[in-house]
J.: 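Here it is: the structure, laid out below.
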Amino acid sequence: MMLFNEADTNKEPSYLELLNPAQRTAVETTEGPVLIIAGAGSGKTRVLAYRVAHLIYQGVPPRSILALTFTNKAATEMKERISAIVGDDKSSMVWAGTFHSIFARLLRQVASSLGYTSSFSIYDTEDSTSLLRKILVDFQIDPKTSSPKSFLHGISKAKNELKSWQDFADDTSPQMKVFVSVYKEYEQRLRAYNAMDFDDILINMIRFLQLSPQTLEFMQQRFQYILIDEYQDTNRSQYISTKLMAEAHKNICVVGDDAQSIYAWRGADIRNILEFQKDYPDALAVRLEQNYRSTKTILNAANAVIAHNTHQLKKELFTENPEGPAITLMETQVDRVEAERICQRILIDTSTRGDLQLKDIAILYRTNAQSQIIEDTLRKNNLKYTIIGGMSFYKRKEIKDILAYLKLLINPSDQESLSRVCDLTTGIGKTSLMKVEVYAKMNRIDLIEAFSQVHEIDGITKKAADAMMQLATLVEDNKFRLDHEPHADVAISYIEQSNYLKLYSNTDDEDMQDRLRNIETFVENLRIYLENEENINQEDATKPTIQEYLHQMALISDIDTLDLNADRISVMTLHSAKGLEFDTVFLAGLEDGLFPLTRETSTKKDKEEERRLFYVGITRAKKKLYISYAKQRMRYGYSTFSAPSPFLAEIPEELFEQRHSLTNSRTVNSQVKKPTTMTSTSYFQNEMPEENYSQLEEHSMYTVGMMVRHRSFGEGKIIRISGGGESAQVEVTFRSVGQKKLMLKFAKLEII
DNA sequence: ACAACCGACTTTTTT
DNA sequence: AGTCGGTTGT
């Protein structure tokens with residue numbers, strides 16, 4: 001299976017033949033700094049993987065290669081590709097992963113030098129917010145004037161700029177004083193709890209590198225070759241940390257596309273990529289401009305759109321792919337109909353194009369809020385889909401609760417998790433908890449330890465004391481079991497003993513039963529993970545333990561779990577779609593204000609980022625692009641009216657499907673056709689007036705067994721009618737082409 | 001300590 | 001609109 005044989009070094013490795021000249025240069029220039037400007041669909045992932053494979057081919061030890069990606073999914077994909085060339089045993093030793101997951105793993109090995117233990121917790125946004133809320137309460141800061149979230153935002157921004165609270169200490173404005181005190185307290189508590197937030201993982205890596213010349217040299221030696229994907233989306237601490245690591249050998253290869261920079265809002269600094277050649281004057285710059293993904297039509301649209309940005313590196317993607325079908329623009333009155341129309345098109349396309357499967361289709365939108373209505377409509381039409389983002393499985397309350405219980409077992413200092421568990425435990429209230437907290441602080445012990453000594457503390461009700469004692473015992477006993485029993489057994493019985501499940505059982509509340517099922521799914525996944533021997537095989541991966549599981553869990557994102565092989569429509573935000581590609585893409589909600597999303601503070605720069613996001617969306621499509629918008633949309637619970645997105649006018653008109661090509665597309669309901677109000681622009685797809693929709697319920701003129709004639713398929717017999725209303729479908733066996741599934745509403749069936 | 005009610009906030013995007 | 005956290009009354 002391997003594409004090269006080590007012994008046979010005279011011959012050029014065959015995988016190089018699969019590359020174009022630019023790609024090949026990018027792969028073969030293994031020494032020194034390399035900047036790869038890779039346009040959308042230019043084979044970037046392939047180049048990265050081949051480059052790593054080539055390094056290994058040339059004898060570089062896999063474990064000294066560090067490949068940093070944006071998502072875990074991208075890392076897994078890269079590993080798979082590398083593995084296909086050099087084999088699994090070698091590829092699994094490459095350090096490939098996200099900044100956060102790789103750094104966290106490294107930090108666990110050196111945690112003690114930074115004042116943590118190796119089992120430190122990682123706090124997500126919710127954990128951090130909840131911690132800040134408690135701090136605000138303690139500091140008696142009115143949460144109305146400044147919310148925990150706004151503090152977290154400020155702190156995260158400061159951390160991204162590598163500024164500690166001390167850096168603001170000189171600022172004496174009252175507002176800043178408050179900020180500094182909260183920032184300081186937040187940092188101290190994280191430390192006391194043996195916990196890091198997302199930003200800390202990056203910052204602590206820098207701190208470690210700068211701890212001493214020895215630690216820096218150690219890391220530089222460890223990673224001789226560094227590759228960074230999506231470099232346009234790296235932030236300051238990611239930039240600094242990798243720059244430090246590469247300082248000695250300068251074997252740093254970054255790949256990115258300034259036109260796809262869409263994360264400035266969370267601190268990504270586009271200068272990192274724009275000024276790479278300033279940092280490394282002898283860097284080789286390679287441009288990958290041939291697109292292998294999309295049709296000419298789609299690429300032309302993308303190029304035209306991005307040309308409206310002033311602050312963009314000049315780049316013109318080209319493709320040798322065919323022209324492809326025109327872009328379809330769909331205008332509807334309201335959002336629900338927009339969703340309905342998308343579903344109809346999917347039903348039509350999948351039935352008329354034999355090669356098109358649901359997994360080839362994506363519906364993309366700007367905000368997660370838009371997903372609800374799309375989801376509803378897909379479900380109504382019996383279309384299978386996978387949704388990414390929104391409320392991800394692991395962010396659900398019941399799952400986070402279970403995770404908090406488990407974290408307690410691993411990190412006894414994790415007071416945030418403990419406090420979450422206390423909220424769930426009947427008997428433990430605010431008053432008694434406060435008293436024990438004081439006691440723990442005075443005696444310098446962990447809160448959970450104080451629980452086991454609760455009888456020594458004055459003024460605690462018996463009920464509270466019992467509950468605390470019980471919790472302390474539960475955690476203590478199971479912690480002990482971790483060293484002696486299979487973790488799967490411990491996890492399951494621990495969760496059972498916790499009584500947490502009681503909250504959800506004995507009720508016919510549907511929501512509660514749902515949550516219980518989620519927990520069951522979660523526990524089952526956990527069990528499978530813990531019992532899976534395969535996880536042990538990887539060189540540097542440890543045994544599958546509860547620790548390991550929690551550590552991985554903290555940094556997993558929704559997109560990582562997306563299974564593109566399942567035959568389902570992918571539904572997600574444009575941000576989540578970065579790096580993915582689909583045959584057919586629907587871009588929904590192209591309305592002014594929604595996309596580009598604008599708020600009072602929006603600047604020209606923001607609009608350019610929105611435009612890049614649009615560019616990303618367009619270039620996800622391989623063959624067919626649909627763009628839609630609704631004039632009227634529910635937002636915040638009430639109806640808002642919007643004009644079409646100004647972005648639409650940036651796509652050359654001739655790339656859109658012309659109206660006349662569709663005017664004749666319906667015959668079944670032609671008798672109900674009324675004059676429609678069309679927009680002045682000529683390229684909108686002809687739309688059915690919405691007041692006619694109800695009349696579509698009437699499809700009873702067709703029955704099973706009836707002979708019909710189709711304009712292109714000829715004569716056939718109806719063998720099935722399914723669905724109702726909008727989405728009624730017929731299955732017809734045609735003499736010429738055999739069985740076809742058709743949308744009744746659009747199929748031109750003549751009864752014979 | 002807990003249940004029931006109330007009001008604020010969400011909806012930009014996420015490691 | 002729906003969720004979540006906080007408040008109030010028992």
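Every chain is numbered from 1 and lettered A, B, ... according to where its sequence line falls, protein lines coming before strand lines. The analysis underlying the following values was restricted to heavy atoms, covering all of them including side chains, and did not include hydrogens, waters or symmetry mates.
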J.: Look at the side chain of A:Arg266 and the base of B:dT13, then say whether one donor and one acceptor between them are separated by less than 3.5 Å.
T.: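 In this structure, the two groups form no donor-acceptor pair.
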
J.: Heavy-atom distance under 4.5 Å between the side chains of A:His100 and A:Leu202, does that happen here?
T.: yes

J.: With respect to the phosphate group of B:dA1, does any side-chain polar atom (N or O) of A:Thr431 fall under 4.0 Å of OP1 or OP2?
T.: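 Yes, such a contact exists.
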
J.: At under 4.0 Å between heavy atoms, what does A:Arg133 touch on the DNA or RNA strands: base, sugar-phosphate, or nothing?
T.: sugar-phosphate

J.: Cation-pi check, A:Arg236 to A:Tyr239: give yes when NZ or CZ is under 6.0 Å from the six-membered ring centre and within 45° of the ring axis, no otherwise.
T.: no

J.: Which of parallel (below 30°), tilted (30 to 60°) and perpendicular (above 60°) describes A:Tyr231 and A:Phe276?
T.: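 Answer is perpendicular, since the angle exceeds 60°.
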
J.: Mind checking the C1' distance from C:dG5 to B:dT12? Whole angstroms is fine.
T.: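 Pairwise C1' distance, C:dG5 against B:dT12, rounds to 23 Å.
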
J.: Can you find a side chain N or O atom of A:Ser576 that sits less than 4.0 Å from OP1 or OP2 on B:dT14?
T.: yes

J.: Could you tell me the separation between the CD atom of A:Gln260 and the C1' atom of B:dT14, rounded to a whole number of Å?
T.: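 Rounding to the nearest Å, CD of A:Gln260 and C1' of B:dT14 are 17 Å apart.
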
J.: Rounding to a whole Å, what distance do you find between A:Asp401:CG and C:dC4:C1'?
T.: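 My rounded result for the distance is 13 Å.
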
J.: Figure out the CD1/C1' separation between A:Ile155 and B:dT15, and round it to whole Å.
T.: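 One finds 18 Å between C1' of B:dT15 and CD1 of A:Ile155, rounded.
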
J.: Please measure how far the P atom in B:dT13 lies from the corresponding atom in C:dC4, and state the result in whole Å.
T.: 16 Å

J.: Of the candidate nucleotides B:dA1, B:dT15, B:dT11, which contains the atom at the shortest distance from the side chain of A:His100?
T.: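 The closest nucleotide is B:dT15.
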
J.: Among B:dT15, B:dA1, B:dT13, which nucleotide has an atom closest to any side-chain atom of A:Ala464?
T.: B:dA1

J.: What protein N or O atoms touch nucleotides 2-6 of chain B N or O atoms at under 3.5 angstrom, if any, and at what distances?
T.:
| residue | atom | partner | partner atom | Å |
| --- | --- | --- | --- | --- |
| B:dC2 | OP1 | A:Gly427 | N | 3.3 |

J.: Would you please confirm or rule out a distance under 4.0 Å between OP1 or OP2 of B:dT12 and any side-chain N or O of A:Asn368?
T.: no

J.: Look at the side-chain N and O atoms of A:Ser432 and state whether any lies under 4.0 Å from the OP1 or OP2 oxygen of B:dA1.
T.: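 Answer yes for this pair, as a side-chain N or O of A:Ser432 is under 4.0 Å from OP1 or OP2.
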
J.: Please examine the side chains of A:Lys149 and A:Thr129, heavy atoms only from C-beta on, and report whether any two atoms are closer than 4.5 Å.
T.: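 Contact flag for A:Thr129/A:Lys149 side chains = yes.
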
J.: Under the 3.5 angstrom rule, does the side chain of A:Asn272 hit a backbone N or O of A:Thr234 as a donor-acceptor pair?
T.: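 Judged by distance alone, yes, a pair lies under 3.5 Å.
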
J.: Do we see A:Trp265 stacking on the base of B:dT12, given a limit of 5.5 Å between centres and 30° between planes?
T.: no

J.: Can you check whether A:Thr573 has a side-chain N or O nearer than 4.0 Å to OP1 or OP2 of B:dT12?
T.: no

J.: Which whole-number value in Å describes the distance from A:Asp127 CG to B:dT14 P?
T.: 18 Å

J.: Given side chains that start at C-beta, do those of A:Thr98 and A:Phe70 come closer than 4.5 Å, heavy atoms only?
T.: no

J.: Which whole-number value in Å describes the distance from A:Met553 CE to B:dT15 P?
T.: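 Computing the A:Met553:CE to B:dT15:P distance gives 13 Å.
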
J.: Assign A:Tyr263 to base, sugar-phosphate, or nothing according to its heavy-atom contacts below 4.0 angstrom with the strands shown.
T.: sugar-phosphate

J.: Taking the inter-plane angle between the rings of A:Phe647 and A:Phe614 on a 0 to 90° scale, is it parallel (under 30°), tilted (30 to 60°) or perpendicular (over 60°)?
T.: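 Taking A:Phe614 first and then A:Phe647, their aromatic rings lie parallel (interplane angle under 30°).
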
